[in-house]
Protein chains: 2
Amino acid sequence: MSGPTLSDVADAAGVSYATADRVINKRGNVAQKSIDKVRDAVTRLGYVRNVAAANLSRRRVYRLAFLIPTGSNAFFNRVRDHIVQSANHLSADSISVEIVDVSAFSVEALQNSIGDLADLDFDGVAIVGLQSRLLEHPLAELRARGVAIIGLVSDLPTNFRSAYIGIDNRVAGRTAARMTGIAHAGRVGAIQTFAGSMDARDHAERLQGFRDVITADFPALTVLDPILTKDDPAVLYEAACGALQAGSSVTAVYNVGAGNVGLIKAISKTSGTRPFCVVHELVAHSKQALIDNHINLVIDQRPDVEVNRAFALLRALIDDRAMPPMPDLMPTIYVRDNLPADTLNTVMKAQTT
Amino acid sequence: MSGPTLSDVADAAGVSYATADRVINKRGNVAQKSIDKVRDAVTRLGYVRNVAAANLSRRRVYRLAFLIPTGSNAFFNRVRDHIVQSANHLSADSISVEIVDVSAFSVEALQNSIGDLADLDFDGVAIVGLQSRLLEHPLAELRARGVAIIGLVSDLPTNFRSAYIGIDNRVAGRTAARMTGIAHAGRVGAIQTFAGSMDARDHAERLQGFRDVITADFPALTVLDPILTKDDPAVLYEAACGALQAGSSVTAVYNVGAGNVGLIKAISKTSGTRPFCVVHELVAHSKQALIDNHINLVIDQRPDVEVNRAFALLRALIDDRAMPPMPDLMPTIYVRDNLPADTLNTVMKAQTT
DNA sequence: CATTTTTTGATATACGCCAATCATTTTCTA
DNA sequence: TAGAAAATGATTGGCGTATATCAAAAAATG
């Protein structure tokens, strides 16, 4: 069952174990002729290195780092949560994980953090990125040191990372639009949108996808221009109160950003029938709002799935192997009936807001 | 970084390596006093056995089996697909997987298949189960041989398996109801339901959950009694044509079972506005129907996630370890906008229908 | 051809654990 | 208390790989 060993390969190639080893581990000082013989034997026998034995032997520990924005953002607390939980079990696979806090939305901070990583001898890093050319230099340096780099949730400059793990935010916006359209059942309506900032790529993309679907498939609906909130619950609260005051023609609300605590507060104070309401990211308060019927839908990007994929992908990159099959990453729709029992609030307590 | 070894434990416990080994591997002939000392040292040092080294040493190969119903059911083809795909990568972890075909919905067939497993020396099996006391005997025998047993998708008699991996079908039904209710936007309506058989527990549970939510939260809607189709597309086609004929008061359709090809065909022939339509399981044809706007929603149970969990759980059970953190298993809502790009039809070609 | 350089072979140790053996000590029983 | 039984210790070889060393062989160089 367990395949051929390197000794088998050496025998088949007609060379010594030492030479086979020199080829496999690229130690140099091998004649091209020998290299070919070994390579040939490898493919002939279908040799695959026993990673477990290899790691055991070299006492390898995969050192991974996750660069996550700090702050009161409940979503990233969820991400942290999953990283920490996974880390416990991953230590059994000789994988060590460190979470590096980065000041949110600050290019300089991120730039510095990435620069600091270079000296720390990590094998792989997952970074919640930003789109800025300033990041290119430190990323290039990291990569030059042989560190595997992936973008997480929010992408990095494309040419300076090996992969991106996160949802397609246009798809997320389209999904929100589809549901909002369905909820109007052909009736006329106006949808008030909210966003943190149009500079945030994910916010802009969600809005774009949302608009596309409404325009194409629900002509009876109007998408009102987004009110910008900087993801601040207080700002969102004020804005929402304004938009939802008595006599408003708003039939639906869609917030592509964070700060939903403010929105929920505003909605819960609305008298009469409230508008159809869609927000992003399932966290303690949005979950509760679903249960309380203050909002209708949560579009979630499943940080648990993302983190799982990140670990698998980093390992695959580091060992130069193929990625194992993993669940796809799709925007997930939650209503009050399909909520996970989850402990979404373990880290929540530590948050500042 | 890599934790204490068994030698460390032995030293800390003040016993020899041999004795520590006797305790850890339950070889017997150890005094209670020594057992306690070793156990104590283990917790004190936080010793965890290096599974990689252990498996390397004993040349262990985990032998797993999946018992999957045969037939033209596209959903189970999807399940097979994921098992096969995963198996390729799992062989690197010295895990071998076999899929055992079982005649669908036949208690005797399943009973026999389980019985046959006993002699085959598997370490763990995942079984798409049925609810029948006839299965208890062969299951008990399997378990007596130390085989880890879990129910997959459809549960086994509760006391004869270690765990069940599958969605809560009441939740799935509730979710379908919520979306159907939302789509009516307060209007009066009648929902025609379809089911394969009310003996199938998953069908009954979905229907129950559906009814519960409609009754509680959408009093303007009526749930019509299910038409039973045996999951046969032809039967479903006829029934759907009848229910949807011109002048029908049906505003929505919900099929808790399979055979959706027939339903979709019937709907695509309907003139005028078609009813709101919800079905289960994302497979090639239901995906296409979403894209073509013949149906509105697919509630999916994510066989990829289920299979992943099954592997992780079986390993955990076999090694008597804790389950690593994995994505939760929730009924997932698909609309035409959040479809996976997936190759859902690799196995599809091999199917008979 | 002699000499240097490159390439190869043979071999040893280690990683953490499993499985087994055999001698020795401790504990139990008659 | 002698003898039997049970428990313990000490030790060995092996799993498949990594890494290092040293001697020997082959190839390249002048």
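Here is the naming used below: chain letters follow the sequence lines, and residue numbers restart at 1 for every chain.
The 12-atom threshold is not exceeded at CZ of A:R39, counting heavy atoms of other residues, nucleotides or ligands nearer than 6.0 Å.
Judged by distance alone, the side chain of B:D101 and the main-chain N or O of B:T70 form no donor-acceptor pair under 3.5 Å. With hydrogens and angles disregarded, a donor-acceptor distance shorter than 3.5 Å links the side chain of A:S86 to the backbone of A:H82. Of the possible donor and acceptor atoms, one in the side chain of A:N50 sits under 3.5 Å from a partner among the backbone N and O of A:A52.
What separates CG of B:N29 from C1' of D:dT8 is a distance of 10 Å, to the nearest Å. Spacing between atom CD1 of A:I24 and atom C1' of D:dA18 amounts to 12 Å, rounded to whole angstrom units. In this entry the distance linking CG of A:D319 with P of D:dA18 reads 11 Å, nearest Å. As a whole-Å value, the separation of A:Q32 CD from C:dT7 P is 11 Å. Following rounding to the nearest Å, B:R60 (CZ) and C:dC18 (P) show an atom-to-atom distance of 11 Å. At whole-Å resolution of the value, CZ in B:R27 and P in D:dT8 are 15 Å apart.
If you check every strand for non-hydrogen atoms under 4.0 Å, A:N55 touches nothing. Among the protein residues, A:D21 comes within range of the nucleic acid bases, having at least one heavy atom under 4.0 Å from a base atom.
When each of B:V51 and A:G28 is assigned the nucleotide of DNA chain C bearing its nearest heavy atom, the one mapping closer to the 5' terminus is A:G28.
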Let me have a per-nucleotide readout for nucleotides 9-16 of chain C, 5' to 3', with B, S or -, counting only protein heavy atoms under 4.0 Å.
BB---BBB
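When all heavy atoms are compared, the tightest approach of B:I95 to B:L64 is CG2-CD1, 3.7 Å.
For an aromatic pair to be called close, the ring centres must be under 6.0 Å apart, and A:F66 with A:F76 fails this.
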